[in-house]
Amino acid sequence: MERTKLFPMVQFKKDTWEIDEFDCASVFLLIGEEKAMVIDCGMGIGDLRGAIEMITDKPLICVISHGHVDHTGNARQFEEIWINPKDAEAPIPQSLARRKWDTERIAARQKGCFGSPYTMFNLYPFDIDVDLIDPADEPMPVIHDLTDGMQFDLGGRIVTAYECPGHSPGEMIFLDEQTRTLFCGDALNFNLGVNAVPVETTLRYLKRMQSMSDRYDCIYNGHHDFRALGAPLDDDCLPTIIELLEDAMNGYINVVETPSFWGQSVPLTKGERKDPKADAPKPEGPPRGKRVTLRKGRCFVGIDPDRIRE
């Protein structure tokens, strides 16, 4: 049975697309005169490459903003990928049980956002048992190191990669000066976790991102939960996150308890369903440190209070 290609998608600038992996993550497609670039591969739902090939037949360059489960899931659909070596240790893709659990939780959250009268309907054109697979028989892509300042020439369109650690140790952002667009993965969002490195490190790189603002007009992050599909992050996001981290550096930390963004649990289908979390594996990687949430305006940022200074 073929996996779905029915991804919501929008062309928001010339030859520039945002492909929505059913509210799990955003995939971006940048088309040049000779090649096309794919930024991130989502959770691995459906036939991502098939959907992309309905838009362009140009050779594809696949870059990964960071190594988290919701950005590498369909990486085996590509012959080669580029990823920061600091994030390259996680399996590609990560475990099927873990990805199914995350996918179901996101679907439940979105149904809850629409209210109880709508939770009985399927909102997404995919079957989780068909479209989310464990590609054990698919070959691994050739993995190349993605480094700070690396440039990719798509033909009349050059995209430059920059490090921006915080959400992950090897987080990368991508500047397309032709369309004056910055693609930042999970380096920036209105609900942001940056406890992978010290706050001082994250702040330094976010300030570098801000210093590039004369070279871009808009920022697109790796999820559209705080923006509409095809629309950029609002301009207040980056300066407010920077202010929060500066407050943390100066010791002005006022920890707040916030309700979960996931809302109450809503079953994915009619009838009883076993909680998939019970079968989900422990998170991969080193043990997580402490996390506190800081808030200013619409921005929430999670930091490790024991990792402020470098």
Side-chain angles (χ1 to χ4, degrees), residues 25 40 64-72 83-91 94-95 98 101-102 105-106 109 145-148 161-173 184-211 219 221-223 225-226 233 236-263 277 280-310:
D40 286 337
I64 305 294
S65 66
H66 62 295
H68 287 173
V69 61
D70 51 343
H71 296 266
T72 64
I83 186 171
N84 189 310
K86 296 173 187 174
D87 275 18
E89 293 182 0
Q94 295 185 40
S95 74
R98 165 68 193 277
W101 160 239
D102 282 8
R105 186 170 63 161
I106 290 166
R109 178 192 66 172
D145 287 350
L146 183 61
T147 57
D148 193 67
Y162 295 97
E163 284 191 314
C164 195
H167 184 72
S168 81
E171 182 82 46
M172 302 292 291
I173 60 177
C184 71
D186 285 357
L188 182 67
N189 197 8
F190 280 96
N191 179 34
L192 181 64
V194 293
N195 56 350
V197 299
V199 167
E200 187 174 5
T201 306
T202 302
L203 180 59
R204 176 157 45 87
Y205 279 96
L206 288 178
K207 284 185 173 180
R208 182 175 75 159
M209 183 194 299
Q210 190 177 49
S211 74
I219 300 175
N221 66 326
H223 302 272
D225 45 358
F226 285 83
L233 279 170
D236 62 320
C237 186
L238 179 56
T240 305
I241 293 291
I242 287 175
E243 288 174 12
L244 277 166
L245 297 183
E246 287 177 334
D247 286 347
M249 289 288 297
N250 292 322
Y252 306 142
I253 295 178
N254 184 18
V255 180
V256 297
E257 184 174 344
T258 61
S260 170
F261 288 101
W262 299 103
K277 189 174 183 179
K282 299 291 185 183
E284 291 137 344
R288 295 185 179 183
K290 295 180 183 177
R291 174 171 168 140
V292 298
T293 299
L294 309 178
R295 178 182 180 182
K296 180 174 285 187
R298 295 186 293 162
C299 286
F300 298 80
V301 59
I303 66 168
D304 183 341
D306 294 335
R307 301 185 73 193
I308 301 296
R309 300 284 174 180
E310 293 176 333

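Nothing fancy with the numbering, it's 1 onward along the sequence. Owing to the predicted nature of the structure, the values given are computational and were not obtained by experimental measurement.
- For the atom pair Leu206 CG and Leu192 CG, the distance stands at 7.5 Å (nearest 0.5 Å).
- Arg298 places no side-chain N or O within 3.5 Å of a backbone atom of Thr240 that could act as its donor or acceptor partner.
- Distance check, rounded to the nearest 0.5 Å: CG of Leu233 to CD1 of Ile241 gives 10.0 Å.
- The main-chain N or O of Ala196 is found under 3.5 Å from a side-chain atom of Arg307 such that the two form a donor-acceptor pair.
- Taking 4.5 Å as the limit, some side-chain heavy atom of Met249 sits within range of a side-chain heavy atom of Ile308.
- We find the CG-CZ distance between Asp102 and Arg98 to be 4.5 Å, quoted to the nearest 0.5 Å.
- Distance CE/Met209 to CG/Leu238: 6.0 Å, rounded to 0.5 Å.
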#### Entry: Check against side chain to side chain contact (heavy atoms under 4.5 Å, CB included), Met172 and Lys86
CA-CA 11 Å; Met172 302 292 291; Lys86 296 173 187 174; over 6 Å; no

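- Shortest non-hydrogen contact noted between Leu245 and Val199 is O-CG1, 3.9 Å.
- Side-chain atoms of Ile303 and Leu294, non-hydrogen and from C-beta on, do get closer than 4.5 Å to each other.
- Judged purely by atom type and a 3.5 angstrom limit, Asp304 has no side-chain atom pairing as donor or acceptor with the backbone of Asn195.
- Taking CG of Asn84 as the reference point, atom OG1 of Thr147 lies at 8.0 Å (rounded to 0.5 Å).
- Sorted by first and then second residue, the salt bridge (Lys or Arg N to Asp or Glu O under 4.0 Å) pairs involving residues 191-206 (not counting sequence neighbours) are Arg204-Glu310.
- Using modelled atom types, no side-chain atom of Asn250 and backbone atom of Tyr252 make a donor-acceptor pair closer than 3.5 Å.
- Between Ile219 and Leu188, the closest side-chain pair of non-hydrogen atoms falls below 4.5 Å.
- Closest approach of Asp40 and Gly185 over heavy atoms only: OD2-CA, 4.5 Å.
- The shortest distance between side-chain heavy atoms of Ile173 and Ser65 does not fall below 4.5 Å.
- A donor-acceptor distance shorter than 3.5 angstrom exists from the side chain of Glu171 to the backbone of Asp186, with no hydrogens or angles considered.
- Classified by interplanar angle (parallel below 30°, tilted 30° to 60°, perpendicular above 60°), the ring pair His66/His167 is perpendicular.
- Distance check, rounded to the nearest 0.5 Å: CG of Asp225 to CG of Asn191 gives 7.5 Å.
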